[in-house]
Amino acid sequence: MRTVRTGRGLLAIGAVTTTVLAMTMSSGANAAGSLPKADPDAPAVQAEPGQREAKGFYDARTPSARAKYAQAAKTMAKEGAAAEKFRDSLGPQGIVSVDPATGTPKQIGKLNGFLTGRSSKPPARIVLDYIRAHPEIFRLSENDLRTLRLRKDYRDVEGSHHLSWEQVVNGTPVFGNGIVGHVTKRGELIAIMGSPVPGLAGLAAAAGAPSVTADGARLVAAKDVGGKTATTSVKTVADGRKWGNGDYAKRVWFYTPAGLRAGWATYTQAGGTLIYSHVIDASTGNVLYRRPLVDHANGDGLVTDYYPGAAKGGTQRKVNFFKAGYLQKGAQTLQDGTSVDAFADINDDDLANAGETVKVPGTRTTAEYKLVPFASNPQCSISSSAPGIRQRRTPGGRT
């Protein structure tokens with residue numbers, strides 16, 4: 001697995017608390033995460049005999065490899081000397097991953113330390129002050145910052161704060177974009193993530209008028225996965241509709257490279273294990289996003305803790321990625337992480353290609369991802385004798 005500096009395929013710092021997971025993987029892994037070359041009709045899991053295959057994860061924002069390179073090239077072309085100076089200021093172990101769709105950082109951090117020194121300021125101010133101090137990389141104006149609404153400030157057992165802001169315009173939140181910041185109990189900034197959307201208010205004003213209702217969006221979502229909606233009571237709420245069986249449809253904005261779309265975020269129980277989260281385009285009725293919410297792996301993985309100041313080496317321990325909050329409910333691969341986007345970059349092209357995604361760990365009886373040190377491999381570009389370096393081989397002999 002490797003660290004990359006552009007695109008959606010970045011795993012460098014696990015800013016959940018202050019832990020980075022070092023994992024041995026057969027493929028690769030996402031806060032927001034997206035699968036490359038997503039197919040709206042792709043199955044999520046192999047069906048049992050006599051059953052139809054369940055549809056898998058889909059995100060309309062996920063570009064093809066060619067489009068991704070083109071977007072990244074445009075994004076890099078817009079960056080000036082100031083942005084390059086910012087990258088250099090973080091040092092050789094700094095991480096600056098820019099989302100080519102928004103042109104804003106998907107992740108910023110340092111493998112060997114913190115972004116700022118100690119501070120007595122409130123954690124939220126530490127995060128926002130850092131963003132304000134670096135417009136050359138964040139590209140957010142004061143008007144953009146006013147679209148941020150703090151939705152969570154979670155303090156873990158070590159005293160670190162994990163803050164998340166969603167972007168809201170005209171009372172409606174943006175789906176999947178915003179700001180996530182992690183601050184130690186001493187006021188040191190660990191990392192910032194989120195791919196915020198610049199110029200949001202103007203984009204919302206130019207978005208098309210919605211024509212699909214909440215009820216219509218729920219029907220589209222159920223039909224998309226080959227299911228049916230339950231007949232039950234329904235009530236209108238401030239942001240949409242809620243049904244008696246727990247289904248709902250809420251208004252959202254959905255940002256794509258082609259512009260901002262008005263949409264409906266739905267939770268639908270369409271029969272049996274057909275339990276899904278969708279975003280349905282409120283103008284066209286098209287599926288913009290789909291995530292299955294039935295876990296097909298127990299989530300137990302073997303991890304090695306690594307964070308600034310941690311001792312090198314150590315013994316792997318078992319962690320359930322779902323219970324620890326590392327993976328979103330319904331995750332299919334490690335690209336569906338809440339704080340990192342991980343994959344095995346076998347061919348070193350900085351993209352999560354076919355065969356490079358890593359499935360959610362764990363079987364019914366065992367934890368997975370045992371670290372397997374080995375002497376050498378001609379495909380590795382680093383020496384096994386290098387200080388602090390351990391080569392890792394994925395199952396099947398891939399490195």
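Note that these values count all heavy atoms, side chains included, but never hydrogens, waters or copies made by symmetry. Just so it is clear, the structure is predicted and the values come from calculations on it, not from any experiment.
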Interatomic distance, Arg151 atom CZ to Leu163 atom CG [nearest 0.5 angstrom]: 11.5 Å

Salt-bridge contact Asp281-Arg261 (side-chain N to carboxylate O under 4.0 Å): yes

Identified side chain to side chain contact (heavy atoms under 4.5 Å, CB included) partner of Pro361 from the options Leu334, Val319, Asp300: Leu334

Whether Thr184 side chain and Arg186 backbone form a donor-acceptor pair below 3.5 Å: yes

Closest heavy-atom pair and its distance - Pro196, Pro105: CD-O, 3.8 Å

Donor on one side chain, acceptor on other, Thr284 and Asn286, under 3.5 Å: yes

Full working for side-chain contact (heavy atoms from CB on, under 4.5 Å) between Ile95 and Arg87: CA-CA 8 Å; Ile95 301 156; Arg87 291 174 181 270; over 6 Å; no

Same apolar cluster (I L V M F W Y, side chains within < 4.5 Å links), Val234/Val237: no

4.5 Å side-chain heavy-atom contact, Trp243 and Asp215: yes

Check against side-chain contact (heavy atoms from CB on, under 4.5 Å), Val180 and His182: CA-CA 7 Å; Val180 176; His182 304 276; 3.4 Å; yes

Minimum side-chain heavy-atom gap Leu203-Tyr255 below 4.5 Å: yes

Min side-chain heavy-atom separation Ile108-Ser97 under 4.5 Å: no

Path from Leu145 to Leu260 over hydrophobic side-chain contacts below 4.5 Å: no

Modelled atom types, side-chain donor and acceptor of Ser141 and Asp144, under 3.5 Å: yes

Cluster link Val197 to Val98, ILVMFWY, side chain under 4.5 Å: no

Nearest-0.5 Å distance that lies between atom CH2 in Trp253 and atom OG1 in Thr172: 6.5 Å

Full working for side-chain contact (heavy atoms from CB on, under 4.5 Å) between Asp224 and Arg290: CA-CA 9 Å; Asp224 173 60; Arg290 179 201 311 118; 2.7 Å; yes

N-O pairing of Glu136 and Lys85 below 4.0 Å: no

Student check: side-chain heavy atoms of Val279 and Val252 closer than 4.5 Å: yes

Shortest non-hydrogen separation from Val169 to Ala201 and the atoms involved: CG2-CA, 3.9 Å

Pairwise side-chain contact, Val220 with Trp264, heavy-atom cut-off 4.5 Å (strictly under): no

NZ/NE/NH1/NH2 to OD/OE distance under 4.0 Å, Asp247 and Lys242: no

Shortest non-hydrogen contact from Gly56 toward Pro292: C-CD, 4.0 Å

Gln316 side chain to Tyr369 backbone, donor-acceptor under 3.5 Å: yes

Qualifying residues under ring pair (Phe, Tyr, Trp, His ring centres under 6.0 Å), relative to His161, sequence neighbours excluded: none

For Lys121 against Ser119, the heavy-atom pair lying closest together: N-OG, 3.1 Å

Neighbour count above 12 (heavy atom, 6.0 Å) for Arg125 CZ: no

Side chain to side chain donor-acceptor pair (under 3.5 Å) between Ser277 and Arg291, worked out: CA-CA 5 Å; Ser277 170; Arg291 180 185 295 279; over 6 Å; no

Single-linkage hydrophobic cluster, 4.5 Å side-chain cutoff, Ile131 and Leu150 together: yes

Heavy-atom closest pair, residues Asn177 and Ser195: ND2-O, 2.6 Å

Residues Arg241 and Thr236: side-chain donor-acceptor under 3.5 angstrom: yes

Val183 vs Ile190 side-chain heavy atoms within contact, under 4.5 Å: no

Tyr289-Tyr58 aromatic ring centre distance below 6.0 Å: no

Gap between atom NZ of Lys110 and atom CG of Leu90 - 0.5 Å precision: 6.5 Å

Minimum side-chain heavy-atom gap Leu148-Gln167 below 4.5 Å: yes

CZ-CG distance between Arg61 and Leu288, expressed to the nearest 0.5 angstrom: 9.0 Å

Side-chain donor-acceptor pair present, Arg132, Tyr130, cut-off under 3.5 Å: no

Any donor-acceptor pair under 3.5 Å from Thr116 side chain to Glu188 backbone: no

Same apolar cluster: Ile179 and Leu200, side chain cutoff 4.5 Å: no

Within-4.5 Å side-chain heavy-atom neighbours: Val360 and Phe322: yes

From Asp59 atom CG to Phe254 atom CZ, the distance as rounded to the nearest 0.5 Å: 4.5 Å

Val225 to Ala270 - nearest heavy-atom pair and separation: CG2-CB, 4.0 Å

Check against side-chain contact (heavy atoms from CB on, under 4.5 Å), Tyr267 and Leu293: CA-CA 9 Å; Tyr267 169 79; Leu293 299 179; 3.5 Å; yes

Euclidean distance, Ile126 CD1 relative to Ser120 OG, rounded to 0.5 Å: 8.0 Å

Partner residues of Asp88 under the salt bridge (Lys or Arg N to Asp or Glu O under 4.0 Å) criterion, sequence neighbours left out: none

